[in-house]
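Reading through the structure tokens given below for one structure.
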Protein chains: 2
Amino acid sequence: MPSSSGPVAAADVVLPPSDAAALGPASSPDTPVRRRTRRAIVDAAVHMWARDFAAPLSAIAEQAAVSRSTLHRYFPDRPALLDACLRTALEVFGGVNPCDDVPRAAPEPPALDQLLSQLESVVRLGDWVLFLWTDPSRFSGHPLADDLVGGEDDTTLALIRRGQAEGSLDPEAPADWLLAVYYSVLYCAAEQAVRGAMPAHEAGRLAVRALRGGITPS
Amino acid sequence: MPSSSGPVAAADVVLPPSDAAALGPASSPDTPVRRRTRRAIVDAAVHMWARDFAAPLSAIAEQAAVSRSTLHRYFPDRPALLDACLRTALEVFGGVNPCDDVPRAAPEPPALDQLLSQLESVVRLGDWVLFLWTDPSRFSGHPLADDLVGGEDDTTLALIRRGQAEGSLDPEAPADWLLAVYYSVLYCAAEQAVRGAMPAHEAGRLAVRALRGGITPS
DNA sequence: CCATGATGCGACACTACTGTCCCATTATCG
DNA sequence: CGATAATGGGACAGTAGTGTCGCATCATGG
């Protein structure tokens, strides 16, 4: 998952105009109307695909309150819409290129604390978490998703390795195992929140508690 | 997940003959040949659907080394094959009707120990675990799956509640939250084993460790 | 060895979905 | 208000997958 000072408000995210394939009609620069329509389609896709990755484009169009023709004006095909969702996910999760990170002057807090703090933020992104992690293997190997879901570029993996080195995370377990556990607990928390079983902050708290101490009493 | 003294060897499981829709040609009682063919198809379905739930029947037939015609002789349609897989899963996971459980004379071990011991057994069932839990919501509400994947009939949920009552499990978290965490860690372990990252027993050990103490050092 | 059981092949009809296209209509902007 | 942008509707062709069917072939069991 990309590192950040915190997730960007979902409504503020704008797809880079360089992605010509995802542009709407006439491939000219976006107008506000077009930007809103495109974002409505992406949000609808994430909403539907979080729940059923086989959901057809017609259902997504309906969820977005547009016609299938309109959907196809913005996204020529299903893979293009999926790419747009993944690119938007990078923004939503505060995506920055890890190589751009500038080392901080002050020592960072323990990696465990940072990791859990990140989880508490991310769990509020409900549908986006379900979209990415309902089936953890869904986007394995997808070039746009490597930075999000546990590929070698995933900054969360780097954070886990730092935590193991500094002693705040279990040094006896493989890093990618800890990452898998982290994402799966994050998914559980987001799923609880999305289906209304509890508020997102409570789900985050329970997830943090589970990752700190397991399912035993504290 | 149904309680048992241990999972039944997969090869020994036989689909109840009462399931007429799933019987092979002529709906007469099974011959050994037919029983083996049916089981090969079910195993192939679980293998393919563990990895991709959209896998077509033609791919399942190929995996089972039968023709699509033959697959259709045994299972009239995709839902029938899915039902057969879920019924077989009940057998594989040692399914018994929870109401049939007779209270033991001697006190049972702590629920946490029982839970984790069960996990170490179940993780060896690789494909079956992935089939059921790759997408935790896949079979939600499916009548055949309630006893397996966290429905109210799930004996694991009862075990968790007993553990919370006796103090070996976190009493401050909702029982269905602990169940969701348990299944998600089980899935992670099975996935590591199935993709060859580590042996199943090592994955089980790591999962137990994570559920006992979280991702912090022990 | 032969009758019967079991299976494979492939054609066919059908379904659901997708991608393209065009024209009429509605919304937006200056 | 009018020109332009944006959209909806629906037809159409195509794809992938499914379910059915009949016949030839192979496997099995007595």
Side-chain angles (χ1 to χ4, degrees), chain A residues 14-15 17 19-49 51-85 138, chain B residues 14-15 17 19-49 51-85 138:
Chain A
V14 176
L15 196 68
D19 187 0
L23 284 175
S27 294
S28 56
D30 260 6
T31 64
V33 167
R34 282 165 58 175
R35 202 180 300 159
R36 284 195 296 274
T37 301
R38 175 179 305 106
R39 187 51 197 257
I41 296 168
V42 166
D43 285 345
V46 166
H47 177 95
M48 299 302 292
W49 284 343
R51 287 155 183 77
D52 176 11
F53 195 55
L57 298 181
S58 55
I60 292 169
E62 187 172 9
Q63 176 71 26
V66 300
S67 73
R68 209 164 58 78
S69 300
T70 295
L71 189 153
H72 277 288
R73 280 194 190 92
Y74 285 85
F75 303 100
D77 54 25
R78 189 186 179 93
L81 176 53
L82 178 59
D83 278 5
C85 292
R138 181 178 290 167
Chain B
V14 176
L15 195 69
D19 187 0
L23 284 174
S27 292
S28 55
D30 260 7
T31 65
V33 167
R34 281 165 58 175
R35 202 180 299 161
R36 285 195 294 276
T37 301
R38 176 181 302 107
R39 186 50 197 258
I41 295 169
V42 166
D43 285 346
V46 167
H47 177 95
M48 299 301 293
W49 285 343
R51 288 155 182 78
D52 176 10
F53 195 54
L57 298 181
S58 55
I60 292 168
E62 187 171 9
Q63 174 74 24
V66 301
S67 72
R68 208 164 59 77
S69 301
T70 295
L71 189 153
H72 277 288
R73 282 196 186 93
Y74 285 84
F75 303 100
D77 53 24
R78 188 186 179 97
L81 177 52
L82 178 59
D83 278 6
C85 292
R138 182 178 289 165

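Treat the numbers as computed from the prediction; the structure is a model and nothing was measured. The sequence lines fix the lettering, A, B, ..., with proteins before strands; numbering per chain opens at 1.
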For C:dT7, does OP1 or OP2 lie under 4.0 Å from any side-chain N or O of B:T37?
yes
What is the distance, to the nearest angstrom, from the CG atom on A:D30 to the C1' atom on D:dA6?
12 Å
Rounded to the nearest 0.5 Å, how far apart are CZ of A:R138 and CG of A:L82?
9.5 Å
For B:S58 and A:L71, find the nucleotide of DNA chain D closest to each by heavy atoms; which residue's nucleotide sits nearer the 5' end?
A:L71
Enter the distance from A:D30:CG to A:Y74:OH here, rounded to the nearest 0.5 Å.
7.0 Å
Nucleotide nearest B:Y74 (side chain, heavy atoms from C-beta), chosen from C:dA6, D:dG8, D:dT18:
C:dA6
Give a yes/no answer on whether the side chain of A:T31 brings an N or O atom under 4.0 Å of OP1 or OP2 in D:dA6.
yes
pair B:S58-B:E62: side-chain heavy atoms closer than 4.5 Å:
no
Does B:S69 or B:V33 map to a spot on DNA chain C nearer the 5' end, using the closest nucleotide for each?
B:V33
Looking at C:dG8, I'd like to know if its phosphate oxygens (OP1 or OP2) sit under 4.0 Å from a side-chain N or O belonging to B:S67.
yes
Write down the distance between CE (A:M48) and P (C:dC17), rounded to a whole number of angstrom.
11 Å
Could you tell me whether B:Q63 atom CD has more than 12 heavy atoms of other residues or ligands within 6.0 Å of it?
yes
Five-pair end axes of the helix from C:dC1-D:dG30 to C:dG30-D:dC1, angle between them (10°):
40°
Could you pick out which residue, A:A65 or B:A55, lies toward the 5' side of DNA chain D when each is mapped onto its nearest nucleotide?
A:A65
Starting at CZ of A:R34 and ending at C1' of C:dA27, how long is that distance when rounded to a whole Å?
14 Å
Counting side-chain heavy atoms from C-beta on, which of C:dG19, D:dT18, C:dG8 comes nearest to B:L57?
D:dT18
Distance in angstrom units between B:I41 CD1 and C:dG8 C1', rounded
13 Å
A:A84 and A:F75 have their tightest heavy-atom pair at CB-CE2, 3.4 Å
Atom CZ of B:R34 and atom CZ of B:R73: how far apart are they, to the nearest 0.5 Å?
11.0 Å
About how many Å separate CZ of A:R38 and CG of A:L81, when rounded to the nearest 0.5 Å?
11.0 Å
In whole angstrom, give the distance that lies between atom CZ of B:R38 and atom C1' of C:dA6.
13 Å
Pairwise distance CD1(B:I60) to CG(B:D43) - rounded to 0.5 angstrom:
12.0 Å
Considering only side-chain heavy atoms of B:R68, which listed nucleotide, C:dA11, C:dT18, C:dT7, is closest?
C:dA11
Take atom CZ of B:R73 and atom C1' of C:dT7, then tell me their distance rounded to the nearest Å.
6 Å
Nearest-Å distance for atom pair CZ/P, residues A:R35 and D:dA6:
12 Å
Give a yes/no answer on whether the side chain of B:R78 brings an N or O atom under 4.0 Å of OP1 or OP2 in D:dT18.
yes
Minimum-distance nucleotide (side-chain atoms of A:D77 versus C:dG19, C:dT18, C:dC23):
C:dG19
Rounded to the Å, how far apart are A:H72 NE2 and D:dG9 P?
15 Å
